[in-house]
Asks: 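Below is the structure I would like to discuss, written out as structure tokens.
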Amino acid sequence: KQWYQRRVRGNLLFHDFMCSRFYVLTSIFQRAAFTEQELANLCTGVQVFGRSWTAILLRFEFHSCRTAGDLRRRYGQIKKFVSEKKRVKAEWTNPELRRLRRGVVKFGSDWRSIIKHYNFDKTRSVNDLCKKWLIIQ
């Protein structure tokens with residue numbers, strides 16, 4: 001087999017020309033917490049390259065132990081934290097409960113149609129309607 005060898009960010013990559021695959025031989029890395037600069041680089045990289053984690057890893061400065069999978073997982077955690085933080089649940093009003101009852105009579109358990117045809121609070125999701133219906137039944 002022919003092998004092509006190159007070092008990228010502390011990883012020794014071997015390219016197998018027969019299979020067109022890269023094999024990564026890594027030493028044992030110590031995990032390090034993401035720094036503020038790395039998080040800023042990650043967010044900027046997603047804006048520039050989208051979700052091409054390898055491109056982000058190669059073009060921005062990260063700790064030598066980082067992999068593309070690490071970036072993907074960390075960005076998912078950031079996004080989840082931000083989305084959970086933004087959502088504020090509003091209390092259900094009596095008119096909303098009446099609309100929910102009317103919607104169930106008209107559409108059954110087709111929650112998407114109910115939320116589409118009736119005026120609910122902007123923060124309501126399909127899942128919110130389903131859960132509320134199970135509670136008030």
Side-chain angles (χ1 to χ4, degrees):
K1 288 186 175 182
Q2 292 182 348
W3 292 93
Y4 168 70
Q5 174 182 342
R6 100 177 186 212
R7 185 173 287 279
V8 176
R9 297 205 183 274
N11 294 336
L12 197 55
L13 298 180
F14 288 96
H15 185 258
D16 182 357
F17 286 103
M18 301 297 284
C19 300
S20 294
R21 290 189 178 160
F22 277 101
Y23 296 94
V24 181
L25 299 178
T26 59
S27 58
I28 297 174
F29 288 119
Q30 293 180 349
R31 289 288 171 201
F34 276 81
T35 63
E36 291 296 322
Q37 182 62 42
E38 285 180 317
L39 294 176
N41 288 345
L42 178 58
C43 292
T44 305
V46 170
Q47 290 174 352
V48 173
F49 296 107
R51 292 179 181 240
S52 179
W53 307 113
T54 306
I56 296 169
L57 181 66
L58 294 175
R59 301 226 175 35
F60 288 91
E61 191 63 37
F62 290 99
H63 192 274
S64 62
C65 70
R66 302 280 182 245
T67 64
D70 293 337
L71 299 183
R72 180 183 56 80
R73 282 186 289 278
R74 185 63 175 131
Y75 186 73
Q77 291 170 352
I78 292 170
K79 193 171 179 184
K80 182 179 177 186
F81 176 74
V82 169
S83 66
E84 286 176 356
K85 195 173 182 181
K86 281 184 181 176
R87 182 151 183 229
V88 177
K89 292 185 179 179
E91 292 291 323
W92 283 84
T93 62
N94 285 333
E96 281 184 318
L97 294 174
R98 282 195 300 270
R99 286 184 217 119
L100 178 60
R101 287 186 187 103
R102 279 191 232 128
V104 169
V105 168
K106 185 173 181 179
F107 296 106
S109 62
D110 186 6
W111 307 112
R112 289 193 190 283
S113 296
I114 295 171
I115 206 166
K116 188 176 178 182
H117 288 86
Y118 290 94
N119 186 21
F120 288 98
D121 190 73
K122 289 185 286 186
T123 62
R124 301 280 182 242
S125 69
V126 172
N127 200 21
D128 292 335
L129 269 61
C130 180
K131 286 181 180 178
K132 190 62 177 180
W133 180 250
L134 290 175
I135 291 171
I136 64 172
Q137 259 187 333

Asks: Measure across Phe60 and Gly45 and return the closest heavy-atom pair with its distance rounded to 0.1 Å.
Replies: CE1-CA, 3.5 Å
Asks: Among side-chain atoms of Asp70 and Thr67, is any donor-acceptor pair under 3.5 angstrom?
Replies: yes
Asks: Under 6.0 Å from the CD atom of Glu91, do we count more than 12 heavy atoms belonging to anything else shown?
Replies: no
Asks: Do we see a donor-acceptor contact under 3.5 Å between the side chains of Asp121 and Thr123?
Replies: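 Note: Asp121 and Thr123 side chains meet the donor-acceptor criterion.
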Asks: Given Lys132 and Leu97, is the side-chain contact (heavy atoms from CB on, under 4.5 Å) satisfied, shown in steps?
Replies: CA-CA 9 Å; Lys132 190 62 177 180; Leu97 294 174; 3.7 Å; yes
Asks: Keeping the roles fixed (side chain from Trp111, backbone from Ser109), state whether a donor-acceptor pair exists under 3.5 Å.
Replies: yes
Asks: Using every non-hydrogen atom in the two residues, find where Glu61 and Asn41 come nearest and quote the distance to one decimal.
Replies: O-ND2, 2.9 Å
Asks: Look at the rings of Phe107 and Tyr118 and say which category their plane angle falls in: under 30° parallel, 30 to 60° tilted, over 60° perpendicular.
Replies: perpendicular
Asks: What class does the angle between the rings of Tyr75 and Trp53 fall in, given that below 30° is parallel, 30 to 60° is tilted and above 60° is perpendicular?
Replies: tilted
Asks: Salt bridge between Arg74 and Glu38, side-chain N to carboxylate O under 4.0 Å?
Replies: no
Asks: Identify the two heavy atoms, one from Ala32 and one from Cys65, that lie closest to each other, and give their separation to 0.1 Å.
Replies: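 Shortest heavy-atom separation between Ala32 and Cys65 comes out as N-SG, 4.1 Å.
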Asks: To the nearest 0.5 angstrom, please state how far the CZ atom of Phe34 sits from the CD atom of Gln77.
Replies: 8.0 Å
Asks: Do Val105 and Arg101 have side chains that get closer than 4.5 Å, going by heavy atoms?
Replies: no
Asks: Enter the distance from Lys106:NZ to Ile114:CD1 here, rounded to the nearest 0.5 Å.
Replies: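 Output value for this atom pair is 10.5 Å.
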Asks: Are any side-chain N or O atoms of Arg66 and backbone N or O atoms of Leu57, one a donor and one an acceptor, separated by less than 3.5 Å?
Replies: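 Not a single qualifying donor-acceptor pair exists.
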Asks: Once rounded to the nearest 0.5 Å, what's the spacing between atom CG of Leu42 and atom CZ of Arg72?
Replies: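 Leu42 atom CG to Arg72 atom CZ measures 12.0 Å (nearest 0.5 Å).
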Asks: If I compare all heavy atoms of Leu129 with all of Trp92, which pair ends up nearest, and what's the gap?
Replies: CD1-CH2, 4.0 Å
Asks: Let me confirm one number: the CZ-CD1 distance from Arg51 to Ile56, rounded to the nearest 0.5 Å.
Replies: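 Result: 9.5 Å between the selected atoms.
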Asks: Please give me the minimum heavy-atom distance between Val126 and Ile115, naming the atom from each residue.
Replies: N-CD1, 4.0 Å
Asks: Within the 4.5 Å heavy-atom criterion, are Asp128 and Ser125 side-chain neighbours or not?
Replies: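 Yes, at least one pair of side-chain atoms sits under 4.5 Å.
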